[in-house]
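This report concerns only the one structure given below.
Owing to the predicted nature of the structure, the values given are computational and were not obtained by experimental measurement. In what follows, every heavy atom counts, from backbone to side chain, and hydrogens, waters and symmetry copies are set aside.
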Amino acid sequence: MSKVQVFAIELEKQNAVYFAGDWINGKVTLNLATGMKMRGIHLAFKGEAYVHWTEQHQTGSGSERRTETRHFTSREKYFDQSVTLFGKPHGQMMGDNPILPPGQYIYPFRFCLPYDLPSSFEGGTGHIRYQLKANIDMPWQFD
């Protein structure tokens with residue numbers, strides 16, 4: 001039986017469309033069957049754009065003529081914010097790690113999207129994506 005029975009992010013407005021300047025409200029729920037040693041529980045909010053395309057270019061002449069493929073790539077980060085819901089701040093490793101006893105834990109959160117964000121986008125050459133991710137930071141193990 002696993003120590004972690006439930007570890008989930010729930011948004012207050014399910015399947016909602018959010019706009020720049022909107023508040024995102026929700027909670028992270030954790031159910032533990034047994035006590036668990038951890039550095040902490042963290043929640044990360046990220047927004048970024050990525051684009052990549054290629055272009056074909058001819059170089060040389062005659063028998064020395066070659067086709068080169070040039071790659072163009074760029075990333076833009078709109079925001080990257082992390083909050084600690086329990087335990088040590090993200091990246092802090094010194095000191096004892098707390099043990100969270102068995103039971104159900106609910107960690108509410110509220111995050112305001114910046115006012116100058118572009119809309120989400122998925123295309124053949126790139127994307128704009130927004131992500132909300134929770135993790136349990138465990139010493140000497142995969143999170």
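In this structure, CG in Asp80 is found 11.0 Å from CZ in Phe45, a value given to the nearest 0.5 Å. Atoms NZ and CE, on Lys3 and Met38 in that order, are 9.0 Å from each other to the nearest 0.5 Å. Between atom CD1 of residue Ile136 and atom CG of residue Leu30 there is a gap of 5.0 Å, rounded to the nearest 0.5 Å. Expressed to the nearest 0.5 Å, how far CD of Glu48 lies from CZ of Arg129 amounts to 8.5 Å. Between Tyr78 atom OH and Leu117 atom CG the span is 8.0 Å, to the nearest 0.5 Å. Within the model, atoms CZ of Arg110 and CG of Asn25 stand 5.0 Å from one another, a figure rounded to the nearest 0.5 Å.
Under the 4.5 Å side-chain heavy-atom criterion for Ile, Leu, Val, Met, Phe, Trp and Tyr, Leu43 and Val4 are members of the same hydrophobic cluster. Ile106 is not connected to Ile9 by any chain of hydrophobic side-chain contacts under 4.5 Å among Ile, Leu, Val, Met, Phe, Trp and Tyr, and they are in different clusters. In the hydrophobic clustering of this structure, Trp23 does not group with Tyr130; members are Ile, Leu, Val, Met, Phe, Trp, Tyr whose side-chain heavy atoms approach within less than 4.5 Å, directly or through other members. In terms of hydrophobic clustering, with Ile, Leu, Val, Met, Phe, Trp and Tyr side chains grouped at heavy-atom distances under 4.5 Å, Phe121 and Phe79 are assigned to a common cluster. Residues Leu113 and Leu11 share a single hydrophobic cluster, defined by chaining ILVMFWY side chains whose heavy atoms lie under 4.5 Å apart.
Considering all non-hydrogen atoms of both residues, Met138 and Lys37 come closest at CG-O, 4.3 Å. Counting all heavy atoms, side chain and backbone alike, Asp22 lies closest to Phe19 at OD2-N, 2.7 Å. Minimum interatomic distance between Gln5 and Leu32 (heavy atoms only, all atoms of both residues): OE1-C, 4.3 Å. When every heavy atom of Pro102 is checked against every heavy atom of Gly35, the shortest pair comes out as CD-N, 3.6 Å.
Classified by interplanar angle (parallel below 30°, tilted 30° to 60°, perpendicular above 60°), the ring pair Phe86/Tyr107 is tilted.
Ring-centre distance between Tyr18 and Phe111: not below the 6.0 Å cut-off.
Ion pairing between Arg70 and Glu68 holds under the 4.0 Å rule for side-chain N and carboxylate O.
Side-chain atoms of His42 and Thr84 form a donor-acceptor pair, as typed in the model, at a separation below 3.5 Å.
Environment of OH in Tyr115: sparse, with no more than 12 heavy atoms of neighbouring residues, nucleotides or ligands closer than 6.0 Å.
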